[in-house]
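Side chains are part of it too, since the values below use all heavy atoms of this structure and drop only hydrogens, waters and symmetry mates. Chain naming here is simple, since letters A, B, ... match the order of the sequence lines and numbering starts at 1 in each.
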Number of protein chains: 2
Amino acid sequence: MVVRRSKQNKAILRVLRETTSHPTAVYIYEQVRKEMPDISLGTVYRNLGLLKQEGKILELGLAGTPNRFDGNTQSHCHFRCEQCGRVYDVDEPVDRGRDERVAQKTGFKIYYCGVQFRGLCKGCQS
Amino acid sequence: MVVRRSKQNKAILRVLRETTSHPTAVYIYEQVRKEMPDISLGTVYRNLGLLKQEGKILELGLAGTPNRFDGNTQSHCHFRCEQCGRVYDVDEPVDRGRDERVAQKTGFKIYYCGVQFRGLCKGCQS
DNA sequence: TTAGGTGCAAAACCTTTGCCATCCC
DNA sequence: GGGATGGCAAAGGTTTTGCACCTAA
């Protein structure tokens with residue numbers, strides 16, 4: 001199966017790369033629609049799925065809110081606000097050596113390691 | 001609003017405490033149904049929601065698979081298999097001091113911090 | 001030319017909710 | 001008795017899919 005880079009695919013990846021906001025599929029859909037009014041949400045999901053399989057993006061599963069996508073596939077830290085659902089990047093180092101150690105210990109193959117903080121973001125602490 | 005501990009609520013919490021498998025709502029439903037055949041899936045979800053609010057359990061959002069629940073609310077490490085969706089506990093220390101540091105730096109309020117590994121579990125490495 | 005991609009709409013799936021009966025305190 | 005909870009079923013929201021039509025290689 002040859003990967004054909006459609007313009008929809010490119011646009012979706014571009015939106016994801018141009019933002020640091022970990023958007024939902026619907027947000028991406030709205031952005032892409034500005035320049036490509038006929039694109040459908042199904043196509044957005046389809047391409048997000050492909051990009052994920054290719055390892056170009058990351059899908060973040062969040063209990064209670066629609067999934068979000070991240071153009072940064074490096075292991076890194078996220079903070080998720082339990083109130084508003086937003087996901088912020090946190091600038092903290094991830095211990096790369098640990099991946100090795102855990103892989104050894106468990107026999108699992110590790111592709112990605114992220115740290116996830118949960119709590120309330122500034123705006124949501126009333 | 002007084003919290004009344006119904007027997008359904010107790011049974012759901014018990015199932016969650018007795019397993020380390022981070023079950024889905026449906027799995028919990030099936031387990032509880034063995035002793036309480038009339039319980040409905042809606043009730044399971046309702047009680048999981050309540051237990052989550054009380055901070056007695058954790059909900060794990062996983063892209064692509066139904067959410068899973070964890071009776072262990074301590075900050076800890078998970079490994080998630082991208083193939084089969086299973087979630088395993090990983091016995092690695094979580095750096096508690098970092099929560100403080102990140103809270104200071106960002107102004108966010110942090111309730112929980114978990115490390116999430118992704119990859120392939122032993123059984124799924126064909 | 002042609003496998004793979006798109007748009008559209010319907011389906012599937014997970015989760016939440018409304019309503020009324022039931023159960024505890 | 002009366003508020004909280006449960007069972008049932010319908011609704012809601014997100015994501016996937018089938019199909020006929022395009023399109024990039």
Below 3.5 Å between N/O atoms, which protein atoms pair up with nucleotides 18-22 of chain C? Just atom names and distances, please.
unit_1 : atom_1 : unit_2  : atom_2 : d
C/dG18 : O6     : B/Arg46 : NH1    : 3.2

Can you tell me if B/Ser6 touches the phosphate of C/dC23, counting only side-chain N or O atoms and a distance under 4.0 Å to OP1 or OP2? no
Take atom CG of A/Leu41 and atom C1' of C/dA9, then tell me their distance rounded to the nearest Å. 12 Å
Contacts of A/Gly42 and B/Glu59 projected onto DNA chain C by closest heavy atom; the upstream (5') one is A/Gly42
Which heavy atom of A/Gly71 sits nearest a heavy atom of A/Ile57, and at what distance? CA-CG2, 4.4 Å
Donor-acceptor list for residues 109-119 of chain A side chains, cut-off 3.5 Å, not counting sequence neighbours:
unit_1   : atom_1 : unit_2  : atom_2 : d
A/Arg118 : NH1    : B/Glu59 : O      : 3.2
A/Arg118 : NH2    : B/Glu59 : O      : 2.7

Classify the ring geometry of B/His22 against B/His78: parallel below 30°, tilted from 30° to 60°, perpendicular beyond 60°. perpendicular
A/Lys105 side chain to B/Val90 main-chain N or O, any donor-acceptor pair under 3.5 Å? no
Answer yes or no: does a side-chain N or O of A/Asn9 lie under 4.0 Å from OP1 or OP2 of C/dG4? no
Nearest to the side chain of A/Pro66, heavy atoms from C-beta on, is which of C/dC24, D/dT14, C/dG5? D/dT14
Across the strands shown, which category fits B/Thr43 at heavy-atom distances under 4.0 angstrom: base, sugar-phosphate, nothing? base
Counting side-chain heavy atoms from C-beta on, which of C/dG5, D/dG6, C/dG7 comes nearest to A/Ser40? C/dG7
Please report, rounded to the nearest Å, how far the P atom of D/dA4 is from the CG atom of B/Leu51. 17 Å
Expressed as a whole number of angstroms, how long is the span from B/Tyr29:OH to C/dC14:P? 14 Å
Rounding to a whole Å, what distance do you find between B/Leu50:CG and C/dT16:P? 11 Å
Exactly one candidate in B/Leu60, B/Leu16, B/Val44 meets side-chain contact (heavy atoms from CB on, under 4.5 Å) with B/Phe69; the answer is B/Leu16
side-chain N/O B/Asn67 vs C/dT15 OP1/OP2, d < 4.0 Å: yes
How long is the line joining CZ of A/Arg5 and C1' of C/dA3, in whole Å? 16 Å
Can you tell me how far C1' of D/dG13 sits from OH of B/Tyr45, to the nearest Å? 13 Å
Which nucleotide, C/dG5, C/dT15, C/dG7, lies nearest any side-chain atom of A/Ile39? C/dG7
Give the rounded distance in Å between these two atoms: CZ of B/Arg33 and P of D/dC8. 10 Å
Could you tell me the separation between the CG atom of A/Asp38 and the P atom of C/dA9, rounded to a whole number of Å? 12 Å
Are more than 12 heavy atoms from other residues, nucleotides or ligands located less than 6.0 Å from atom CZ of A/Arg86? no
Donor-acceptor check, side chain of A/Gln125 to backbone of B/Gly107, threshold 3.5 angstrom: yes or no? yes
OP1 or OP2 of D/dT23 versus the side-chain N and O atoms of A/Gln8: is any pair under 4.0 Å? no
